[in-house]
Amino acid sequence: MKLGEVVVDVAPLRSSRDFRLIFATQAISMVGTHLTSVAASLQIYTLTGSSVQVGLMSLVLGLSLLVGLVTGGLLADRVDRRRIMLGTRAVTAVGIAGLAVNAALPDPQVWFVFVAAVLAGVTAGLGGPALMAATPALVTPGQLAAAGALTTLTAQLGGMVGPSLAGVIAAGPGIAWCFAIDAAIYVIGLALLAPLPKLAPEGRAEAQHPLKAMGEGLRFLRGNQVVAGLLLIDVCAVVFAMPYALFPELGTEHFGGGPSTVGLLYTAPAVGSFFGALTSGWTGRIHHTGRALIGAVAVWGVAITCFGLSPNLWSALFFLGLAGLGDTASEILRRALLQHYTPDRLQGRVGSLWLAQATAGPSVGNVEAGLVARALGSSSGAVVLGGVICLAGVGALALAMPGLRKATLSRPADVDGDDSAAPVERSPAAD
């Protein structure tokens, strides 16, 4: 395989001006999101001295995000998606600017940070499905995997650069500047997104009751073996084999280290994920996409199992990096298949379910890992058990869902004889 077929495919950036605008917006926005996230946590802890308050703010943000995602999925299938993206980003920019003003006051108010967290969560949820649903209209079906890889790359870059930059800025000019810079980033994003064409969903039904509209999305999910399988196979990974909550205990007790060791455990998957995104060119060229997805999730399960069995820190870090690589490949392929097999009129609702699972799943998985570790009396034992269950679940789904195994990005394919499950040919917006 040639090097050009391995490195991340930038064809969507070359062929679509509109996708370039979205990519640039996402790249800078991910950095800004981490600036605000870290700054808000630092401010809450500085004002209250309580880690519980910091955790409570994260909970409030997560719940608000879920509410926004459900509503945003319905809106994205009814209203011009470009207008949703611009409107939610404008509101968010105002809220973050308010955080900057509050932080600059002699006596910053804790309650305002919580209110702003609710606003940020709801608006991010409202805009997320529209942004995700816009991509299939801006690139060709054959470029969906490459577009997903580029999107994942922006998230990984933001995750590596944003928190460190936030720490430097907070320690220097101050927390208020973190918020101010993020607000400016949102304004720049508005300018980048403004030239996009109208992105009205196909076959929208404005008169449909919201509950009926959501029910239509759930019925499609239940009747489409590929899309349902994409969500279920992710549950196997993030609910049963998500060991992040155990890293502090494993780093200090199992590996006999300190905070730096714990930090390495958290960093290793991100390094593997970043490498996976950089070498994702194959994801858009492989014919048996469904099988590759199953294999990628299996890599995660095997790596997590081996991590739990690791006798020393360096082998543990290696397997966590391998897990991150498998996770990134899985995310790219799942995103591309979901967009490929979902009709445009349902992109918002189905995308919101995918985003909601991506938000809530890891949280549930971390709680599950903590409870199992307590029941077994062994953190490493809980990790191994979770990895084995993940692999068993992946194997069961692969056998029970032949449609998922046969899924491909290379051509339209009828799934289980259900015409609604067949990928819809879309014409990307003109440059």
Side-chain angles (χ1 to χ4, degrees), residues 51-52 54-56 58-59 61-63 65-66 229-259 261-270 272-273 293-328 330-331 334 354 356-400:
S51 295
V52 174
V54 177
L56 183 59
S58 297
L59 177 62
L61 178 62
L63 292 175
L65 181 62
L66 286 175
L230 295 175
L231 298 182
L232 289 174
I233 201 168
D234 190 44
V235 168
C236 294
V238 300
V239 173
F240 299 114
M242 179 55 65
Y244 288 16
L246 304 178
F247 284 178
E249 181 179 350
L250 287 168
T252 55
E253 297 187 15
H254 184 70
F255 295 114
T261 300
V262 176
L264 287 174
L265 294 179
Y266 280 109
T267 302
S273 293
L293 168 64
I294 293 169
V297 182
V299 167
W300 167 272
V302 169
I304 291 299
T305 302
C306 292
F307 163 64
L309 295 171
S310 296
N312 57 66
L313 178 62
W314 294 112
S315 63
L317 295 177
F318 170 79
F319 286 118
L320 283 177
L322 182 62
L325 190 150
D327 182 52
T328 292
S330 166
E331 180 182 348
R334 278 185 293 114
W354 189 79
Q357 177 180 277
T359 300
S363 299
V364 174
N366 278 311
V367 172
E368 182 269 342
L371 292 175
V372 172
R374 177 179 294 181
L376 295 178
S378 169
S379 299
S380 57
V383 173
V384 172
L385 179 60
V388 171
I389 293 175
C390 170
L391 288 171
V394 170
L397 286 173
L399 292 174

Nearest non-hydrogen partners of Cys390 and Ala237, listed with the distance
SG-CA, 3.9 Å

Do Val297 and Asp234 come close enough that some side-chain heavy atom pair is under 4.5 Å?
no

Say whether, by atom type as modelled, one donor and one acceptor occur between the side chain of Ser273 and the main chain of Pro269 under 3.5 angstrom.
yes

Go through Leu264 and Leu320 one step at a time and tell me if the side-chain contact (heavy atoms from CB on, under 4.5 Å) criterion holds.
CA-CA 10 Å; Leu264 287 174; Leu320 283 177; over 6 Å; no

Minimum heavy-atom separation for Val383 to Phe307, with atom names?
CG1-CD2, 3.7 Å

Nearest-0.5 Å distance, OG of residue Ser379 to NE2 of residue His254
9.0 Å

Close side-chain approach of Val394 to Trp300, heavy-atom, < 4.5 Å
no

Distance col, row Phe255:CZ vs Ser315:OG, nearest 0.5 angstrom, shows 6.5 Å

Atom CD1 in Ile294, atom OG in Ser330: separation rounded to 0.5 Å?
10.5 Å

Rounded to the nearest 0.5 Å, how far does CG of Leu322 lie from CG of Leu317?
12.5 Å

For residues Ala241 and Gly386, report the shortest heavy-atom separation together with the two atoms involved.
CB-O, 3.7 Å

Mind checking the CD-CD1 spacing from Glu368 to Ile389? Nearest 0.5 Å is all I need.
6.5 Å

All heavy atoms of Met242 vs all of Val238, minimum pair found to be CB-O, 3.1 Å

Which atom names give the shortest non-hydrogen contact between Ile233 and Arg334, and what distance separates them?
CG2-CD, 4.2 Å

Here the gap from Ile304 atom CD1 to Leu385 atom CG, rounded to the nearest 0.5 Å, amounts to 13.0 Å

Could you give me the CA-CA distance, side-chain angles and deciding distance for Leu265 and Leu313, then say whether side-chain contact (heavy atoms from CB on, under 4.5 Å) is met?
CA-CA 9 Å; Leu265 294 179; Leu313 178 62; 4.0 Å; yes

List the steps, then state whether side-chain contact (heavy atoms from CB on, under 4.5 Å) holds for Thr261 with Thr252.
CA-CA 7 Å; Thr261 300; Thr252 55; over 6 Å; no

Considering all heavy atoms of both residues, which atom of Ala382 and which atom of Leu246 are nearest to each other, and what is their separation?
CB-CD1, 4.2 Å

